[in-house]
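We name chains A, B, ... by the order of the sequence lines, and we start the count at 1 in each one.
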Amino acid sequence: MQSKQEDTNPIETLTKEFMAQTEKMLKGYKILSEVEEIDVATAEKTIVWQEDKVRLFRYESDVKKKVKTPVLISYALVNRFDMMDLQPDRSFIRKLLEEGVDVYLIDWGYPTRTDRYLTMDDYINGYIDSCVDFVSKETGHKKINLMGICQGGTFSAIYTSLHKEKIKNLITLVAPFDFNTEDGLLFKWSRDIDVDKIVDANDGLVPGEFLNMGFDMLKPISKVKKFVNILDVMEDKDKLMNFLRMEQWVADSPDQAGECYRQFIKDLYQQNKLIKGELNIGGHTVNLKNIDVPVLTIFATHDHLVPPSATQPFHDYISSKDKTLYEFPGGHIGVFVGSRSQRELGPKVAQWLADHE
Amino acid sequence: MANKVMDSSKEMLELWSDTQQKLVQNWVDTSKKFQTYVQEGKSLEHSLDSYKEWFDSQRSILNEAFEKGVAQAPTDAMPEQVRTWLEKQREFTKNSIDMMNELMQKQMDAPADFQKMSTNPQEAYKFWADYFKKWYAQTMEMMGGMKEYLPSSGMSEMYENMVNSSKSYFNMYEMWENYNKMVKNGNFDANSYFKMFDMQKYSSMMNDMTKNIMPFKFHDVSEQANTFIETYRNMLMGSANQMPYKEIWAKYLDMVPNMSNMMNMMPQGGSMPQMSEFQEQMVSRMQKLYAPFYKMVPPSKEKEMGQMLVDMQTDLLKYQTKMYEMNMLIGQAAKEANEVLMKDLFEAAKNGEQPKMYNEYFTQWLDTLESHMVELFKSDDFSKVQGEVLALQLDLKTAVNKGIENALSPYPIVLNSEVDQLTKQIHDLKAKVRNLEKEGAKEEPKKAAAPATAKKTATTAKKTTSSTAAKKAADDAK
């Protein structure tokens, strides 16, 4: 509460504060008008496979491969994978490439109304399976490594339990498995929403905006705080670009295929069927006990989107003997873009993969 | 040419910014000097001199700005957008200058006012503060308008967010003012503060801050539903098919809007759940009252739509009631946050700590507000009412969508529902093809193995035949 001794002449305070804010905004406006493009996800990659709107990328790298078995990354359907390669000095993907990992990534694209009937079965037994088969065939590895991020981690675990013969190692980052927790607001709120109405009223395509507003409400004043603080960095173009890239990623929220969303909320968030062993995907019951491959599960201690209590129980339900639970200090996004992630997490994941070749 | 245009735009911006800075600095310097005179008891003898100095400085700053600001940019070669932007800059600068001239003229015409202000610093402060706020409002409006000239929608949205959050920054200043005054006068008292506190303005500011984070932009859907109801009502009343039943229609369709006026009959001090129950009872009674007349209208698409409109209007009322309930919860949390903040600040002042400068106050308010909002969001009550509001909103959306489809059905266009049927068929077929492909892929290794086995059998059989034939031939030769 201590504040420095300053002249509290109200006119001076008033005018100085106003002028300082206005000047900062003007400087910010100047820099903004000079910026032509906000570049994200710039690591070199090639499209190697495509079906409907889903694309599979292979990342280019001159670094000698230390991990021969390729890694297929399955990101969440919510938001875009760009966050894993936000900018050159904050890129989890670039870090993996530097460590000699062969990286493939699934880009889910931007669903439209014609995709409204896509189900979890389509995504898991359809697209993910096709990508796994492609990578397997192209690289000549009968089994490959599968890495799932957030909801992608949930999907990856479900896939592994149904197709473990194709998976060598499973890695999940900040993924929810046990939805019976009161620790996260999303988990709480999901129990009081009518997901059928959300899907049907939006003609089968849940708007990305709707999801973003839900995420914003988890930290309701952050938007105001963020922009008050940003005025202080307006003069530094690099810092401003960092901010702009993050904002671009946050705003880039694809719509969700309604049937997949419906099942994900009903069966997982509301009824917790995955942990209970009652989840049915494409006519098959998902049994986590089928997962007996080596597993690395990473969670963030201050994750307000996927609290640790939603991730940690995963290991109690799989039958893998070789399983590692890794606690990363930080938030849901910090796991990928924080400086500690660059120094620590990328190399750790690469080392774990190398140890499990 | 592009560089020349950019350079002259930047120069214009810098000129405008520098001019504003100089004008304000002039005010600040004058007020500092004047305060010293007041403290020394010399305000009367120095007031006119102070004023004259200030006036001369202001005029010289403005004249200089005017001379530099005359258009030197090659406007002929500029793209339309840049020309418009430059025009806006000039317009704003001109408006600022006109405002200043008006103020100065006012002062020149009424020196007695200034004399009065010079003996009453509080009034002088209020005068300048009011004037500055007017300038600020104009600045914010102009800054908001500048966003459309930014290169991409991402950046203009970012800039708009910046301007909006600055608005909340400045809005809170008024609340800090009252606190600051009380602390300086040593008569801080939480109860007296809250008596001075403008809850209406605070609520309005909170609404502005929270409206863009509430799920689904509630008021947009509400407006959309209202517009649809009104438009379709008019169409229905104008429909030739319904002419014989126009009076019945009018009564039926007016039922719900009239009912909302009857909400005033609600007992004073009633709660939101009571209001909701009252409303439902009234609607139900009204529908029973008009049902016999409504039966006279023959079955038709219009009748279906009419029923839909009535249902929509009742849903709209329910939604608005529930929405009000949710806003009350949020308003209550915001009010509590402010109370906690004030109590903390007053406690700190009582313990002899220095009063907070505005920036620290604003940051503390944001932190306190956020913690209260999160506590509210964690509560079962909020989660429940949020779910209810969302459901009602989505009902309205569904009704509007259905209504629009009904309205468009006579026209030669493909409706969404028809496209959805095709999409479903395509999806199901694709799923079948995928399953067949995967089964086929499993079968391939088996098929690859099968021809090899058959070939081996054929070769063995051929050899046997040949050797048998050879032996026979040999035997025959013997």
Per-residue tally against chain B (heavy atom, under 4.5 Å) across Asp194(A), Asp129(A), Asp200(A) peaks at Asp129(A)
Using non-hydrogen atoms only, which part of Asn416(B) is less than 4.5 Å away from chain A: side chain, backbone, both, or neither? both
Most chain A-contacting option - heavy-atom pairs closer than 4.5 Å, from Asp380(B), Thr398(B), Val374(B): Asp380(B)
Tyr123(A) vs Trp108(A) aromatic rings, parallel, tilted or perpendicular, using cut-offs 30° and 60°? perpendicular
Need one label for Asp420(B): side chain, backbone, both or neither, based on atoms under 4.5 Å from any heavy atom in chain A. both
Part of Asn212(A) within contact of chain B (heavy atom distance under 4.5 Å): neither
In terms of relative ring orientation, are Trp189(A) and Phe377(B) parallel, tilted or perpendicular, with 30° and 60° separating the classes? perpendicular
Less than 4.0 angstrom from a charged side-chain N to a carboxylate O is my criterion; do Arg116(A) and Asp255(A) meet it? no
Working to the nearest 0.5 Å, report the span between CG of Asp238(A) and CE of Met241(A). 9.0 Å
Most heavy-atom pairs under 4.5 angstrom with chain A, which of Glu437(B), Lys438(B), Lys378(B), Glu370(B)? Glu370(B)
What part of Ser379(B) gets closer than 4.5 Å to chain A, counting heavy atoms only: side chain, backbone, both or neither? backbone
Less than 4.0 angstrom from a charged side-chain N to a carboxylate O is my criterion; do Arg191(A) and Glu182(A) meet it? yes
With a 4.5 angstrom heavy-atom cut-off, which part of Arg113(A) approaches chain B: side chain, backbone, both or neither? both
Donor-acceptor contact present, side-chain Asp115(A) to main-chain Leu118(A), <3.5 Å: no
Give, as side chain, backbone, both or neither, the part of Leu211(A) having an atom under 4.5 angstrom from any heavy atom of chain B. neither
For the backbone of Cys131(A) and the side chain of Trp49(A), can you confirm whether one donor and one acceptor N or O come within less than 3.5 Å of each other? no
Test item: side-chain donor near acceptor, Gln87(A) and Arg245(A), under 3.5 Å: yes
Is chain A contacted by the side chain of Asp428(B), its backbone, both, or neither, given a heavy-atom distance below 4.5 Å? neither
Measure Asp252(A) against the heavy atoms of chain B and call it side chain, backbone, both or neither at under 4.5 Å. neither
Report which part of Lys402(B) has an atom under 4.5 Å of a heavy atom belonging to chain A: side chain, backbone, both, or neither. neither
